[in-house]
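One-based numbering, in listed order, for ligands and for the atoms of each. Since the structure is predicted, the reported quantities are computational estimates derived from the model, not experimental observations.
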Amino acid sequence: MNDRDALAARLATEFRARLGRPPAGVWAAPGRVNLMGEHTDYNDGLVLPFALDSATLVAVAPRDDDLLTCLSLDRPGGAALHTDDLRPGAVTGWPAYVLGALWALGWPQTRQPGLDIVVTSQVPPGAGLSSSAALTCAVTLAAAELTGLEPDRTTLAAAARRAETDMVGAPVGIMDQMAAMHGQTDHALLLDCRSLTFEPVPLPGQDTGLALLVVDTRISHTHAHGAYARRRTTCEDAARTLGVQALRDTTLTAVETTLVGEQQRIARHVVTEIDRVRTTVTALRHNDLTGLGETFAASQASMRDDFQISCPELDLAVDTLLDAGAHAARMTGGGFGGCTIALLPDAAVPTATTAVTAAFKTHGLTPPRAFETRPSHGATRVC
Ligand code: GLA
């Protein structure tokens, strides 16, 4: 039995202990790491995420009445609400993600049955690994499968995103939910966030002697909602100044000749970052580790200097990983804390991990958490 199956079995047992009956099933959806294309999704651009091998699990059973309940094995709080009362503002905290997913699927309008939902997660919250999309996608898939709704996975991803934007009030893009729904083992997803079409891109497998190492700085990005929303507004303002629908539709020349100040900085990141997604895919396809390293370095510099979403801890982790032999390293996710992702030789993983821990200690920082990961598959029913 692997970790996920064991956790699913424990969740089912806890469900039965707390609610006095077994769940109808357990569903899981993964967190994600983004390899390239940060803050490009809500600019209709390109992204290159992969699904993590750790997931959020939900055990769910329909009820005879119209009550929607949720509780977590990991966190205090929970909710119990009649379906008719489900609307933005009615729930707060983590239950807003769970019930928000049902709201986004149209629960009140379509008069779906009440549900009991119990949650547990292997994805750390606030680490920039998209624990929120893992949660909303797990609930969305479970609810759809249980009630016989048959929307495709992209429609479910869109509903999971609406749970965040409309119910929780976080103006996120579509990258995380698409990664959680469509992730493929050993592949990243080259996703066009305008057309929502995607293409799997093979990542170096175990036989290549390369490893993917995540370093969680443990700087929680949960305080960053306001800063994320401000970046997004600046992008929209810049697109308006340029007279385009989204920053995807402009060029570096237009950005540098038409925009000034903050709008120029912010738009330059987006335009060059979209290009770096293409360069990254080319480098991966040609096994060009030097090109990959250069593209990651340019992305990190752009996020630090132009978009200004890095932080000293992320910069320190990236620099230390590169000094310790990583071919490529950059921060990943929304920024202001969270994680870095690096591609490095298998043999360098222990030394790189020790080096990052030592560097954080020297700077008086909380010890980071480093772990190897492999690209995994998207949301699924576990049992
Ligand atoms: C968060 C959001 C995503 C995306 C990234 C930055 O993870 O949820 O939609 O904007 O930040 O690339």
Point-to-point distance, once rounded to the nearest 0.5 Å, from CE of M167 to CZ of R87
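The distance works out to 9.0 Å.
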
Just wondering, are more than 12 heavy atoms of other shown residues or ligands nearer than 6.0 Å to CZ in R111?
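No.
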
Heavy-atom contact check, 4.0 Å cutoff: does R32 meet ligand 1?
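A heavy atom of R32 does come that close to ligand 1.
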
Any N or O of T40 that comes nearer than 3.5 Å to an N or O of ligand 1?
no

Below 3.5 Å, N or O to N or O, backbone or side chain included: is there any such pair between V172 and ligand 1?
no

Inspect the contact between D44 and R248 and indicate whether a charged nitrogen and a carboxylate oxygen are less than 4.0 angstrom apart.
no

Knowing that exactly one of D305, T340, D315 qualifies, which makes a side chain to side chain donor-acceptor pair (under 3.5 Å) with S310?
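With S310 as partner, D305, T340, D315 yield a single side chain to side chain donor-acceptor pair (under 3.5 Å), made by D315.
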
I need the single residue from R276, E273, R268 that forms a side chain to side chain donor-acceptor pair (under 3.5 Å) with S302. Which is it?
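Result: among R276, E273, R268, R276 is the only option passing the side chain to side chain donor-acceptor pair (under 3.5 Å) with S302.
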
Numbered atoms of ligand 1 (with element) below 4.0 Å of [X], judged on heavy atoms:
X: M175; result: 4 (C), 5 (C), 12 (O)
X: G173; result: 9 (O)
X: D41; result: 3 (C), 4 (C), 9 (O), 10 (O)

Which heavy atom of the protein is the closest neighbour of [atom], given with residue, atom name and distance?
atom: atom 10 (O) of ligand 1; value: Y228 OH, 2.6 Å
atom: atom 8 (O) of ligand 1; value: D176 OD2, 2.7 Å
atom: atom 6 (C) of ligand 1; value: H39 N, 3.4 Å

Is any side-chain heavy atom of F50 closer than 4.5 Å to one of L35?
yes

Report yes or no: does N34 contribute a side-chain atom to a donor-acceptor pair with the main-chain N or O of G37 at less than 3.5 Å?
yes

